[in-house]
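Beneath this line is the structure, given in structure tokens, with notes to follow.
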2 protein chains.
Amino acid sequence: MNTKKFQKTADLFQMLSHPVRLQMMDELRKREACVCHLQAVTGRPQAYISQQLRILRDADLVVDEKDGQNVFYHLRSEAVRMLLQELLGDADVPSHPKDCTCPFCSS
Amino acid sequence: MNTKKFQKTADLFQMLSHPVRLQMMDELRKREACVCHLQAVTGRPQAYISQQLRILRDADLVVDEKDGQNVFYHLRSEAVRMLLQELLGDADVPSHPKDCTCPFCSS
DNA sequence: TAAATATATGCAGAGAAAGATATATATTGA
DNA sequence: TCAATATATATCTTTCTCTGCATATATTTA
């Protein structure tokens, strides 16, 4: 059935139709980031970020990579990166929130 | 606030995260189409199609143009057309359902 | 003019899905 | 042990989706 093709595409759009997930992915296209960084950037609690990351991981939109204490996430799909590029414009420089203790922010 | 940028983009994705609306837009990128054509293509009742078209119209994704008895819709945003191109592939030839009485199908 | 057709719109209700929040526990590494 | 993270669960609220039905309007045709 052709319906499946549209359903699959609709599911992808569903993943992306979420302001916080979008903000997280926008941050991720600047540079890989750990949970605490995304916490600081979005102002959301850790459990919330973890939940959204799991949703993104289950949808194959991000990949995680453990490095010592931290788990760093980065975008997986080049197509999604291009989508974000088209709709959000060029990637900004990475945020540098004061209340983030990740290696990037504390250095 | 930056939140608005993500919200706006999320709203666009929300519009697109709907299989029937996607199917309708997929048909529209092949050729302009009237309500009855989209009815035949999707197998949905007229009121349903009109409702979804209004949602798409309110989101500036489609434009309507009256021609005699029929109202023809076409895609408005080139960016959305490119999105569909990227995610759904090349546009197919227009559908030609038997139970459609529109000028294109009855000729 | 009367009837048929195409379309738009509104409303109501039911069910499903999504979102936010809080909490508790487990794992792992420094 | 502490800090970072993952995961599970529960609840509450909101939004979406679909359907059905009724109606209004404009246009075309008989």
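Each chain gets a letter, A, B and so on, in the order its sequence line appears, and its residues count up from 1. Small disclaimer: the values here were computed from a predicted structure and weren't measured.
- Distance A:Asp99 CG to D:dA4 P: 12 Å, rounded to the nearest Å.
- As rounded to whole Å, 16 Å separates atom P of C:dA6 from atom CZ of B:Phe104.
- Looking only at distances, no side-chain donor or acceptor of A:Arg21 sits under 3.5 Å from a matching main-chain atom of A:Leu56.
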#### Entry: Derivation and outcome, side-chain contact (heavy atoms from CB on, under 4.5 Å), residues B:Leu75 and B:Leu61
CA-CA 6 Å; B:Leu75 291 187; B:Leu61 294 181; 5.9 Å; no
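- Annotation: the span from B:Leu22 atom CG to B:Gln52 atom CD amounts to 11.0 Å, rounded to 0.5 Å.
- A continuous path of ILVMFWY side-chain contacts below 4.5 Å connects A:Leu12 to B:Leu16, so both sit in one hydrophobic cluster.
- Taken to the nearest 0.5 Å, the CZ atom of A:Arg31 stands 4.5 Å off from the CZ atom of A:Phe104.
- For residues 6-35 of chain B, proximity to DNA chain C is found at B:Cys34, B:Val35, defined as any non-hydrogen atom under 4.0 angstrom from a strand atom.
- Summary of helix geometry: the two end axes of the helix from C:dT1-D:dA30 to C:dA30-D:dT1, each defined by five base pairs via their C1' atoms, are inclined to each other by 30° (rounded to 10°).
- Atom CZ of residue A:Arg76 and atom NE2 of residue A:His74 lie 9.0 Å apart, to the nearest 0.5 angstrom.
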### B:Leu53 and B:Leu38: CA distance, side-chain angles, deciding distance, side-chain contact (heavy atoms from CB on, under 4.5 Å) verdict
CA-CA 10 Å; B:Leu53 281 171; B:Leu38 297 172; 4.1 Å; yes
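- Against DNA chain C, the stretch residues 36-46 of chain A makes heavy-atom approaches under 4.0 Å through A:Arg44.
- Relative to the side chain of B:Thr101, the nucleotides C:dA6, C:dA22, D:dT19 differ in distance, and C:dA6 lies closest.
- Using a 4.5 Å heavy-atom cutoff, the side chains of A:His37 and A:Pro97 are in contact.
- Under 4.0 angstrom from either OP1 or OP2 of D:dC18 there lies at least one side-chain N or O belonging to B:Tyr48.
- Dense packing is recorded around CD of B:Glu86, with more than 12 heavy atoms of other residues, nucleotides or ligands lying under 6.0 Å away.
- Atom CE of A:Met25 sits about 13.5 Å away from atom NZ of A:Lys30, to the nearest 0.5 Å.
- Near DNA chain D, meaning a heavy atom under 4.0 Å away, the residues from residues 52-59 of chain A are A:Arg54, A:Arg57.
- Contact between the side-chain N/O atoms of A:Ser50 and the OP1/OP2 oxygens of D:dA6 is found at a separation under 4.0 Å.
- Counting non-hydrogen atoms of neighbouring residues, nucleotides and ligands closer than 6.0 angstrom, the CD atom of A:Gln85 exceeds 12 such neighbours.
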Protein N or O to nucleotides 11-14 of chain D N or O, pairs below 3.5 Å:
none

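- Side-chain atoms of B:Gln23 do not come within 3.5 Å of backbone N or O of A:Phe6 as any donor-acceptor pair.
- In the displayed structure, A:Lys8 atom NZ is contacted under 6.0 Å by at most 12 heavy atoms of other residues, nucleotides or ligands.
- In this structure, CD of B:Gln51 is placed 11 Å from C1' of D:dC21, rounded to the nearest angstrom.
- Separating the CG atom in B:Leu88 from the OG1 atom in A:Thr9 is a distance of 4.5 Å, to the nearest 0.5 Å.
- Using a 30° and 60° split on the angle between ring planes, A:Tyr48 and A:His18 fall in the tilted class, from 30° to 60°.
- A donor-acceptor pair under 3.5 Å is formed between the side chain of B:Ser17 and the backbone N or O of B:Gln14.
- Here A:Met24 contributes atom CE and A:Ile49 contributes atom CD1; the two are 4.5 Å apart, rounded to the nearest 0.5 Å.
- In terms of modelled atom types and a separation under 3.5 Å, the side chain of B:Glu27 and the main chain of B:Ser95 share a donor-acceptor contact.
- Within residues 60-76 of chain A, the residues having any heavy atom closer than 4.0 Å to DNA chain C are, in order of number, A:Lys66, A:Gly68.
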